[in-house]
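For the numbers below, each heavy atom of this structure counts, side chains included, while hydrogens, waters and symmetry mates do not. Chain identifiers are assigned alphabetically (A, B, ...) following the order of the sequence lines, protein sequences preceding nucleic acid strands; residue numbering begins at 1 within each chain. Keep in mind that what you see is a predicted model, and the values were worked out from it rather than measured.
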There are 2 protein chains.
Amino acid sequence: MLRLEEITKIYHSGEVETTALEGITLNIDRGEFIAVMGPSGCGKSTLLNIIGLLDSTTSGSYYFNGSNVAGASEAKLANIRKENIGFIFQSFNLIHELTVAENVEIALLYHKMSAKERRARVHEVLERMGITHRADHRPSQLSGGQQQRVAIARALVSQPKIILADEPTGNLDSIHGDEVMQMLTELNHDGATIIMVTHSTRHASYAQRIVNLFDGHIVTESTNRRA
Amino acid sequence: MLRLEEITKIYHSGEVETTALEGITLNIDRGEFIAVMGPSGCGKSTLLNIIGLLDSTTSGSYYFNGSNVAGASEAKLANIRKENIGFIFQSFNLIHELTVAENVEIALLYHKMSAKERRARVHEVLERMGITHRADHRPSQLSGGQQQRVAIARALVSQPKIILADEPTGNLDSIHGDEVMQMLTELNHDGATIIMVTHSTRHASYAQRIVNLFDGHIVTESTNRRA
Ligand SMILES: Nc1ncnc2c1ncn2[C@@H]1O[C@H](COP(=O)(O)OP(=O)(O)OP(=O)(O)O)[C@@H](O)[C@H]1O
Ligand SMILES: Nc1ncnc2c1ncn2[C@@H]1O[C@H](COP(=O)(O)OP(=O)(O)OP(=O)(O)O)[C@@H](O)[C@H]1O
Ligand SMILES: [Mg+2]
Ligand SMILES: [Mg+2]
């Protein structure tokens with residue numbers, strides 16, 4: 001379903017070149033739940049951004065549902081993202097001028113449903129994340145972990161086919177963190193493909209496969225027998 | 001050294017009142033290393049902001065080195081902060097227009113030392129945090145964990161008497177996280193007073209005392225026999 005072949009990503013800043021990923025080859029089947037781990041700076045967010053069509057590759061090929069995305073127009077990529085992908089960003093990327101409920105509702109505006117249905121779904125996911133009491137606040141009035149839960153709610157409210165989660169529990173205590181993992185597990189059982197970056201071996205154990213990155217390369221892959 | 005008596009903090013947003021802290025009474029001695037834990041949204045960052053003189057209380061008294069800070073001018077508070085406190089923010093608060101080295105160097109501008117000495121100290125702490133290769137980049141060109149390490153470097157470069165760390169390892173893998181805890185431990189042995197918010201029981205075990213917050217109240221305190 002998602003096929004990366006020999007993906008390399010080099011960032012240029014002034015005269016400095018940073019090879020963030022090199023020779024990444026990875027196949028992800030529909031419905032898989034994969035955890036990506038590795039030291040800070042090793043390329044995990046870069047990998048997720050490429051999979052999520054938010055960043056281009058320097059070389060190599062990426063096939064999304066069988067079609068090569070290289071050279072696809074930004075409009076086409078934006079369409080594919082809207083229809084398929086829910087992204088939980090490492091730094092949340094909430095819109096400061098909108099309320100919590102509005103931030104989450106935005107993710108449903110492209111989907112065919114009445115305003116009434118939209119608001120019901122927003123309420124449901126905010127309740128699941130334990131932040132309904134913050135619905136009319138703005139992100140700056142929330143704690144760090146509450147902001148993270150808004151980012152999660154926004155990514156999941158449309159029940160996307162592919163969920164890309166970049167360290168979704170980094171600001172959460174163990175109870176809220178486990179609740180998020182529980183929700184991701186249920187969505188995976190309902191058919192969602194999930195790729196989750198995490199520093200927590202405990203949360204990685206919810207996945208069926210763990211991919212370890214180091215210095216821009218995949219160094220090991222392991223199958224999780226428990227999941 | 002730091003004495004909080006019956007501290008209450010209420011936020012007002014429109015018609016909604018949020019009691020973030022209620023009746024907080026806490027004494028912190030010079031040289032202590034305290035961990036603060038509790039569920040997302042329970043008041044930890046608010047507590048740290050009040051201790052760090054970044055936020056005022058709604059009621060109650062806060063004595064910093066014996067003098068009541070209520071009613072102190074912003075200029076006076078800013079002076080106390082500059083001379084005593086290093087703050088690691090939960091959302092980093094880096095200056096986007098400056099390089100990594102400049103972001104860290106700013107913390108030394110109030111201290112009497114030559115430019116040469118400043119740059120040596122900046123280099124030393126960046127090396128300790130494993131990010132010298134990013135010194136001339138801007139924060140947006142760094143990974144999440146690298147940004148967190150810049151925030152840590154900036155707070156620690158002046159070797160402050162009081163270190164307030166709000167979830168300093170949330171975006172770090174275990175190796176880098178342990179390295180940060182090691183550094184905090186050394187600074188504590190050299191005399192720094194440390195108050196650290198964390199969701200990690202493993203990192204909390206580096207502290208001598210653990211304070212548990214719930215819904216704005218202190219619910220338990222425990223002494224760590226191992227530390
Ligand atoms: N500016 C604000 N206006 C209104 N409410 C606020 C504001 N800042 C924080 N709050 C609320 O005060 C409560 C405590 O927030 P705080 O940031 O201290 O929590 P926390 O324990 O640090 O949580 P986390 O672990 O998620 O970082 C939360 O319910 C939060 O929504
Ligand atoms: N825009 C950019 N310009 C230059 N270098 C970049 C840019 N974005 C990322 N990098 C570099 O690419 C490398 C990989 O970054 P990435 O964000 O993928 O790491 P990561 O594994 O997600 O780390 P963390 O666990 O700290 O979030 C890092 O060395 C980073 O500094
Ligand atoms: Mg990252
Ligand atoms: Mg907080």
Side-chain angles (χ1 to χ4, degrees), chain A residues 11-16 18 20 37-49 89-92 94 99 129-131 133-149 166-167 169-177 179-180 197-202 204 212-214, chain B residues 11-16 18 20 37-49 89-92 94 99 129-131 133-149 166-167 169-177 179-180 197-202 204 212-214:
Chain A
Y11 288 111
H12 302 273
S13 39
E15 301 176 7
V16 179
T18 304
M37 304 190 77
S40 171
C42 74
K44 307 177 297 296
S45 296
T46 302
L47 177 62
L48 228 60
N49 287 340
F89 294 95
Q90 185 169 4
S91 55
F92 318 154
L94 302 180
T99 64
M129 289 288 104
I131 47 173
H133 61 303
R134 294 282 135 200
D136 300 325
H137 284 79
R138 295 204 157 59
S140 58
Q141 298 171 320
L142 269 58
S143 79
Q146 288 167 340
Q147 291 177 20
Q148 186 158 40
R149 284 181 274 159
D166 201 343
E167 299 189 32
T169 60
N171 277 277
L172 299 177
D173 52 281
S174 52
I175 292 179
H176 285 104
E179 176 60 28
V180 169
V197 169
T198 184
H199 283 308
S200 159
T201 42
R202 185 162 124 250
N212 284 291
L213 285 183
F214 187 87
Chain B
Y11 288 111
H12 302 273
S13 39
E15 300 175 4
V16 179
T18 304
M37 304 190 77
S40 171
C42 74
K44 307 179 295 298
S45 295
T46 303
L47 177 62
L48 228 59
N49 288 340
F89 295 95
Q90 185 170 5
S91 53
F92 317 155
L94 301 180
T99 64
M129 290 288 101
I131 47 173
H133 61 303
R134 294 282 135 201
D136 301 325
H137 284 81
R138 296 202 159 60
S140 58
Q141 298 171 320
L142 268 58
S143 78
Q146 289 167 340
Q147 291 177 20
Q148 186 158 40
R149 284 180 275 159
D166 201 344
E167 300 189 33
T169 60
N171 276 278
L172 299 178
D173 53 282
S174 53
I175 292 179
H176 285 105
E179 176 60 30
V180 169
V197 170
T198 183
H199 283 308
S200 159
T201 42
R202 184 161 125 249
N212 284 291
L213 286 183
F214 187 87

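A 4.5 Å side-chain heavy-atom check between Glu15(B) and Asp136(A) finds every atom pair outside the cut-off.
Proximity to chain B (any heavy atom under 4.5 Å) is restricted, for Gln141(A), to the side chain, taken from C-beta onward. Heavy atoms of Glu167(B) lying under 4.5 Å from chain A belong exclusively to its side chain. For Ser143(A), the part sitting under 4.5 Å from any heavy atom of chain B is the side chain, from C-beta outward, and nothing else. Within the 4.5 angstrom heavy-atom criterion, only side-chain atoms of Arg149(B), from C-beta onward, approach chain A. Interface remark: Leu172(B) contributes backbone and side-chain atoms alike to the contact with chain A (heavy atom separation under 4.5 Å).
Taking chain B as the reference chain and counting heavy-atom pairs below 4.5 Å, the highest number among Thr201(A), Thr198(A), Asn171(A) is found for Asn171(A). Interface summary for chain B: among Gly145(A), Ser40(A), Gly144(A), the most heavy-atom pairs under 4.5 angstrom belong to Ser40(A). For the options Ser91(B), Gly14(B), Gly170(B), heavy-atom pairs under 4.5 Å to chain A are most numerous at Gly170(B).
There is a side-chain donor-acceptor pair under 3.5 Å between His137(A) and Ser13(B).
Annotation for Gln146(B) and Gly41(A): closest pair NE2-CA, 3.8 Å, computed over non-hydrogen atoms. Shown here for Pro39(B) and His176(A), the closest heavy-atom pair between the two residues is CB-CE1, 4.1 Å.
Panel note: side chain Asp173(A), backbone His199(B); no donor-acceptor pair is recorded below 3.5 Å.
To the nearest 0.5 angstrom, Ser174(B) atom OG is 7.5 Å from Met37(A) atom CE.
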